[in-house]
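Both ligands and their constituent atoms are indexed starting at 1 by order of listing.
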Amino acid sequence: MTSAPTLRPPRCGPVPAPSREMGLWVWKVAMALTGGVWALFVLIHLFGNLKVYLGAHAYDGYAHWLREVGYPLVPHQSVLWALRVVLLVCLVVHITAALVLRSKSRRARGAVKAAAAPTVSRWMTVTGILIAVFIVVHVLDLTVGAGVASDHFTQGSAYANLVASLSRPWMGIFYTLIMVLVAAHLWHGVVLAFNDLGTTSKRWRAVAKVIAGCVAVAIVLGNAVIPVAILVGLIR
Ligand code: HEM
């Protein structure tokens with residue numbers, strides 16, 4: 001007599017280790033790539049911001065160009081809106097990846113050790129939250145002209161809006177401190193990204209540190225000096 005094939009119930013329980021590692025790797029790569037997009041944007045934005053030293057005409061011209069880039073090949077502001085969508089998607093994926101990786105590493109370390117999160121990871125979380133708050137404040141302040149924006153905000157007057165906003169001591173100091181945090185976040189971020197993407201040899205670690213250092217110095221020298229220059233009246 002032949003026995004009927006037995007139907008085994010699907011296995012439940014812990015996910016096999018290779019697939020768990022694959023999931024972890026996918027989140028790490030997503031985090032590195034989306035962080036890279038933002039880092040690139042911050043560097044390009046920094047070069048645009050340097051036009052502030054050339055005066056109102058040059059700076060407003062740059063802001064105007066941002067809205068018109070691609071026209072008449074594409075409609076007005078469409079490149080700008082495409083960039084906004086890409087940045088928003090990258091921000092959401094970056095924050096989601098950070099939360100997922102944080103919870104996975106907490107689970108892996110166990111509940112008892114959870115309180116002792118590594119310093120770098122905690123530092124990245126704190127600076128990341130502060131930078132996210134800055135982005136909201138910054139867009140309201142200089143793009144939308146609502147909430148925290150200065151009373152003198154006028155659409156299309158990027159230079160005057162910048163000077164009016166950062167002349168307020170609390171806002172100028174806030175921008176300066178945040179630029180230092182952005183530089184520090186990017187410094188660690190670039191080193192971690194190289195590591196997560198598998199470039200762990202001594203030589204690649206050195207390359208990562210040099211790139212990270214250049215990015216951080218550029219942001220501090222380029223961006224953080226702007227609010228200071230406005231606060232002391234060098235840019236007005
Ligand atoms: C001192 C440093 C900075 C200055 C002076 C500055 C200046 C400006 C100005 C004037 C605008 C408005 C442009 C316009 O609407 O015409 C703007 C927009 C923006 N900035 Fe900055 N920025 C600085 C740093 C940063 C940093 C570090 C980030 C990112 C972490 C950032 C992200 C953005 C974003 C997302 C927008 C909105 C772009 C849009 O949707 O139109 N900025 N910035």
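- Residue Val133 is grouped with residue Leu91 when hydrophobic side chains (ILVMFWY) are merged at heavy-atom distances under 4.5 angstrom, including chains of intermediate members.
- The distance from the CG atom of Leu234 to the CD1 atom of Ile226 is 12.5 Å, given to the nearest 0.5 Å.
- Going from atom OG1 of Thr143 over to atom CG of Leu66 covers 9.5 Å, rounded to the nearest 0.5 Å.
- Proximity of Val42 to ligand 1, defined as any heavy-atom pair under 4.0 Å, is confined to the side chain (atoms from C-beta onward).
- Note: Phe194 and Trp204 have tilted aromatic rings, judged against thresholds of 30 and 60 degrees for the angle between ring planes.
- Counting only protein N, O or S atoms, the number found under 2.8 Å from atom 21 (Fe) of ligand 1 is 2.
- A distance-only check finds a donor-acceptor pair linking the side chain of His94 to the backbone of Met31 [under 3.5 Å].
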For residues 52-63, please give each side-chain donor-acceptor pair under 3.5 Å, one per line with the distance, not counting sequence neighbours.
from, atom 1, to, atom 2, distance (Å)
Tyr59, OH, Asn49, OD1, 2.9
Asp60, OD1, Ala158, N, 3.2
Asp60, OD1, Tyr159, N, 2.8

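- The shortest contact between atom 5 (C) of ligand 1 and any protein heavy atom is with Leu162 CD1, 3.6 Å.
- For atom 10 (C) of ligand 1, the closest heavy atom belonging to the protein is Tyr59 OH, 3.2 Å.
- At the top of the distance list for atom 14 (C) of ligand 1, counting protein heavy atoms only, stands Arg67 NH2, 3.5 Å.
- Hydrophobic clustering (ILVMFWY, side-chain heavy atoms < 4.5 Å, transitive): Val228 and Val220 are in distinct clusters.
- Judged purely by atom type and a 3.5 angstrom limit, Trp38 has no side-chain atom pairing as donor or acceptor with the backbone of Cys90.
- The atoms of ligand 1 that sit less than 4.0 Å from any heavy atom of Trp38 are 29 (C).
- In the vicinity of Ala63, heavy-atom distances shorter than 4.0 Å reach the ligand 1 atoms 16 (O).
- The distance from ligand 1 to the heavy atoms of Met179 drops below 4.0 Å at these ligand atoms: 2 (C), 24 (C), 27 (C).
- The shortest contact between atom 34 (C) of ligand 1 and any protein heavy atom is with Phe41 CZ, 3.9 Å.
- Among all non-hydrogen protein atoms, the one lying nearest atom 13 (C) of ligand 1 is Thr143 OG1, 4.5 Å.
- Val136 and Leu181 fall within the same hydrophobic cluster, where Ile, Leu, Val, Met, Phe, Trp and Tyr residues are linked whenever their side-chain heavy atoms come under 4.5 Å apart, directly or through other members.
- Phe134 and Leu186 end up in the same hydrophobic cluster when Ile, Leu, Val, Met, Phe, Trp and Tyr side chains are linked at under 4.5 Å.
- Not one N or O of Tyr175 is nearer than 3.5 Å to an N or O of ligand 1, by distance alone.
- Scanning all protein heavy atoms for the shortest distance to atom 1 (C) of ligand 1 gives Asn223 O, 3.2 Å.
- The closest protein non-hydrogen atom to atom 40 (O) of ligand 1 is Arg84 NE, 2.6 Å.
- Using a distance-only test at 3.5 Å, with no hydrogens or angles considered, a donor-acceptor pair links the side chain of Asn161 to the main chain of Ser157.
- Looking from atom 28 (C) of ligand 1 to the surrounding protein, the closest heavy atom is Phe134 CE2, 3.9 Å.
- Ring geometry for His188 versus Trp123: interplanar angle over 60°, hence perpendicular rather than tilted (30 to 60°).
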